[in-house]
Number of protein chains: 2
Amino acid sequence: MQDLTVAERIHSQFEDLTRAERQLANAMLENYPVSGLGSITAVAETSSVSPPTVARMAKKLGFGGFPEMQKALRVELEAQISNPIAKHDRWSESAPDTHILNRFADAVMENLAQTLRHINPDTFDAVKQLLSDQDRLVHIAGGRITRSLADYLFTHLQMLRDGLVYMPPNSNAWSHYVLNMQPGDVLIVFDIRRYEHDMLRLAEMARERDVTVVLFTDQWGSPIARHAAHSFHCRIEAPSAWDSSAVTLFLIEALIAAVQDKNWDETKERMAKLEELFDQMKMFRKFT
Amino acid sequence: MQDLTVAERIHSQFEDLTRAERQLANAMLENYPVSGLGSITAVAETSSVSPPTVARMAKKLGFGGFPEMQKALRVELEAQISNPIAKHDRWSESAPDTHILNRFADAVMENLAQTLRHINPDTFDAVKQLLSDQDRLVHIAGGRITRSLADYLFTHLQMLRDGLVYMPPNSNAWSHYVLNMQPGDVLIVFDIRRYEHDMLRLAEMARERDVTVVLFTDQWGSPIARHAAHSFHCRIEAPSAWDSSAVTLFLIEALIAAVQDKNWDETKERMAKLEELFDQMKMFRKFT
DNA sequence: ACGATTCTGAAATGTTTTTTTCAAAAGACT
DNA sequence: AGTCTTTTGAAAAAAACATTTCAGAATCGT
């Protein structure tokens, strides 16, 4: 009896149900399982029976009462709707699923799915547009931890366009950088957890100069969001003392790909030139 | 406001939500919309906020109260269930599945799954062990693109241990760094695609000095693998002219988490000291 | 660093929902 | 038909739920 769905229980006991109960049962199966999610009064009403009948049937089906049956319905629904990725068997097959690798993988998968649900494609496209606009200077700033992410974005954008300014994480020097910002410029800031006060000030100052601020932050949202024209909230949950930036990096990469797609011809040309330069510097070995 | 879904309302007003409300909003979107169907107490509990917060947010979102919001959720659910085409195969709901966001997400998920299948947990644990060993110096080197990843690893390991050397990506200076390597030391190198010749030379020289080389590379494998005691092959496929480092970053983070777990007591102490130092520096900066 | 403001949850209050009770209605059996 | 059993819903009682109030906590702004 334990693991049967409500529908299965109804079917298996249909013979034992009374007239009013069968009427109710049919109504519940009609739009299953949503029809059973209202209050007992609502359920009773849509089936044209009385609330006690509903309560009695719930008990007859083996539940403690109506709320218990409703909870079972919710659990069923959750299983039915839930994300396919949330359910996977162990990733790294030879490692137990309590191994940090698998636990971390779970977290990152979930973070990715969550983040994507939060993201507004319009925001994404708008930022893509901003970054594609060669007439705007793009300033990139990161904090203590997010510096690497800022760096990653900068390195890749460099291959796509010029007019980029990388602002070093040492905030003492920022005021000078702000002086060089023009109205219409773009400032990309990373601000995650332990939000940094200097970063907020930077965003404020930039905004005062009519610079469009784009923010990468976590699911809770840095206070900078108030000043940002566009914000990306990336989920950073991880089984660790620190947060996971993997999803933030994914988003950065997706943005880079989008910008690259947008002006593919120019990009291709630029890349060719760059490759040539790098080859001349003999930094790379031929692919074998 | 009338015809917006609850999720849309949450997104559009996310900025105006307070900390506890955001926590609740995230929890509700987590298993949307089922997670919002319990009693106000249940919803509050699963989000770790108080019932009043739930009631307040419902009003903030434009509903008369919690029951009204819940009813809206039920209506949405019904519409969603009865329309089998509107299933959840798309990630970012309002973006078509040809949107770069969704395509990139597909690629990254696939990369992660593939990578995990190929990782040998013994390798992982062995590297964890190496990084936990305070008696070995750990040298970290990255290339043109992978520099950010090396930087990320360095920044985080710094919070876990000392005896770390970050080798700048400018390869001219590397020979001096190699001079300082001792037998038993560890060298972590990142080498992905367009494998860099200097990186290979670095690994060779390190190996000659009995340094244990750990390599992060792509699915094809840098030639450095021949000299490395341990190699991680991360899949880097992406719908882009560049590769995706998201999975490599995931692996770095998982390693950091593993090292941190191993000696948690020492780590905790170290972190406390570091926080203190950072606070002091912040204060110092304020007065200058 | 210090008030002013906003936010938050415990507790109290008011409301709705659920269950129980019970009498009437329907049906079953003699 | 008459009596007994079962079923049913109205109404009351009990329980759970939702909202409001309020004081402490956190945050903000100067």
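Chain identifiers are assigned alphabetically (A, B, ...) following the order of the sequence lines, protein sequences preceding nucleic acid strands; residue numbering begins at 1 within each chain. Predicted, not measured: the structure shown is a model, and the values here were computed from it.
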Legend entry - Main-chain N/O of A:D191 paired to A:E196 side chain as donor or acceptor, under 3.5 Å: no

Inset, instruction - Quickly work out the A:E204 CD to D:dC28 C1' distance and round it to whole Å. - result: 12 Å

Legend entry - Close aromatic pair by centroid cut-off 6.0 Å: A:H233 and B:F14: yes

Inset, instruction - For DNA chain D, find the residues of residues 37-49 of chain B with a heavy-atom distance under 4.0 Å and give them by number; none if there aren't any. - result: B:S39, B:I40, B:T41

Legend entry - Nearest-Å distance for atom pair CD/P, residues A:E21 and D:dT7: 8 Å

Inset, instruction - Would you kindly give the CZ-to-C1' distance between A:R201 and D:dG29, to the nearest whole Å? - result: 13 Å

Legend entry - CD1 on A:I192 to CH2 on A:W220, rounded to 0.5 Å: 10.0 Å

Legend entry - Student check: side-chain heavy atoms of B:L101 and A:L251 closer than 4.5 Å: yes

Inset, instruction - Quickly work out the A:F66 CZ to C:dT16 P distance and round it to whole Å. - result: 17 Å

Inset, instruction - Can you tell me the distance, in whole Å, between the CG atom of A:L24 and the P atom of D:dT7? - result: 15 Å

Legend entry - Closest listed nucleotide, where the reference is the side chain of B:A55 and the choices are D:dT19, D:dA10, D:dT8: D:dT19

Inset, instruction - Check the pair A:S240, B:Q260 against side chain to side chain donor-acceptor pair (under 3.5 Å), reporting the backbone distance first and the verdict last. - result: CA-CA 8 Å; A:S240 163; B:Q260 157 223 291; 3.3 Å; yes

Inset, instruction - Check whether any side-chain heavy atom of A:N111 lies under 4.5 Å from a side-chain heavy atom of A:F250, and answer yes or no. - result: no

Inset, instruction - Give A:R56 one of three labels, base, sugar-phosphate or nothing, depending on what nucleic acid heavy atoms sit under 4.0 Å from its own. - result: base

Inset, instruction - Please report, rounded to the nearest Å, how far the P atom of C:dG9 is from the CZ atom of B:R19. - result: 6 Å

Inset, instruction - Determine: side-chain N/O of B:K59 to OP1/OP2 of D:dT20, distance under 4.0 Å, yes or no. - result: yes

Legend entry - Within residues 199-208 of chain A or reaching into it, pairs that qualify as salt bridge (charged side-chain N to carboxylate O under 4.0 Å, His left out) - sequence neighbours excluded: none

Inset, instruction - Output yes when at least one side-chain N/O atom of A:T53 is less than 4.0 Å from OP1 or OP2 of D:dG9, else no. - result: yes

Inset, instruction - Could you tell me whether the phosphate oxygens of D:dT6, OP1 or OP2, come under 4.0 Å of any side-chain nitrogen or oxygen in A:T18? - result: no

